[in-house]
Amino acid sequence: MNLSTFTTPSELSHYLQSHRSQAMGFVPTMGALHLGHQSLIDRARRENAMVVVSIFVNPLQFAPHEDLDRYPRQLEIDRVICETAGVDALFLPTAESMGIKDGLTQIIPPTTMMAGLCGRTRRGHFQGVATIVTKLLNIVRPDRAYFGQKDAQQLAIIRRIVTDLNFPVEVIGCPTLRAESGLALSSRNQYLTPTGRSQAAVIYRSLQQAHKLAAQGERSQQSILAAVKNELSTVPEFDLEYLELVDPQTLESIEKLDRPALLAIAGRIENTRLIDNVLIGC
Ligand code: PAF
């Protein structure tokens, strides 16, 4: 089937109406598609008769000082990627057609899930994500929606919203794709110079140290975090924002590794904010 493109919710809904009998997979994105997005699209393609992808750089999830204006945009390339990957419908709404305006009704995820990790410095970010994902799920009404595990806090919050608000959709978390160096694929990697990219490999290297320690039986949060920080210190250009060991579902801090835990990290290289995580103790 050819790729059909829509820019308003009503055009898309009208088109999807005649396909409602088929299983529908949905991949919401902000564009600048890379192999990580492609792996979500490929999985959606395998598991559903219809695949819808949205590209919308959501202003609600950027604070005024963040990179909304310079966020990478490459619509023509993204369109070709979607076409080649066999996407059926590409949704490219504008802020206006999405009804983004002052006084918009917003979805507020549980404060306990937004207090730590990225939520500590990115105030309002997850409210913006939750609001737009809710709107997109209501417009597309997919059977399955696909999100990357790299944004683990986002994934946990979306799972929680879908459960709490009874959305009839299965949320599927997909593994992080990595460059050969281990650097997690991200649209923001485009901001890095080759030197920055190779320095950024320390993030995954340090997470791997923790994984190894946990596999050897280390259970203390302190020792695990210390080992990660030790590895990170080999690249002084890496400016650590947070390093936390949390429950993967509730995102509450874990003191002792007596159950699977999410080890999550954020920091900057060349002023580009990068995040990554691994599951340990499982
Ligand atoms: O992960 C992203 O690209 C965005 O946060 C999402 C889920 C598309 C919402 O804008």
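This chain uses plain numbering: 1 for the first residue, then up along the sequence. All ligand and atom numbering here is 1-based and tracks the order in the structure. Because the structure is predicted, anything quoted here is derived from the model rather than measured.
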Practice problem: Name the closest protein heavy atom to atom 2 (C) of ligand 1, giving the residue it belongs to and the distance to 0.1 Å. | Solution: Q154 NE2, 3.9 Å

Quiz item: Do the non-hydrogen side-chain atoms of S186 and D276 ever get within less than 4.5 Å of each other?
Solution: no

Practice problem: Identify, by atom number and element, the atoms of ligand 1 in contact range of T29, meaning under 4.0 Å from any of its heavy atoms. | Solution: 8 (C)

Quiz prompt | Charged tip of R70 within 45° of Y191 ring normal and under 6.0 Å | solution = yes

Exercise. Among all protein heavy atoms, pick out the one at the shortest distance from atom 9 (C) of ligand 1; state its residue, atom name and that distance to 0.1 Å.
Key: Q61 OE1, 3.4 Å

Quiz item: Parallel under 30°, tilted from 30 to 60°, perpendicular over 60°: which one fits the rings of Y15 and F6?
Solution: tilted

Self-check item: Intermediate values then yes/no, side chain to side chain donor-acceptor pair (under 3.5 Å), T131 and Q106
Solution: CA-CA 5 Å; T131 301; Q106 300 235 13; 3.1 Å; yes

Quiz item: Which of the numbered atoms in ligand 1 are below 4.0 angstrom from a heavy atom of I132?
Solution: 9 (C), 10 (O)

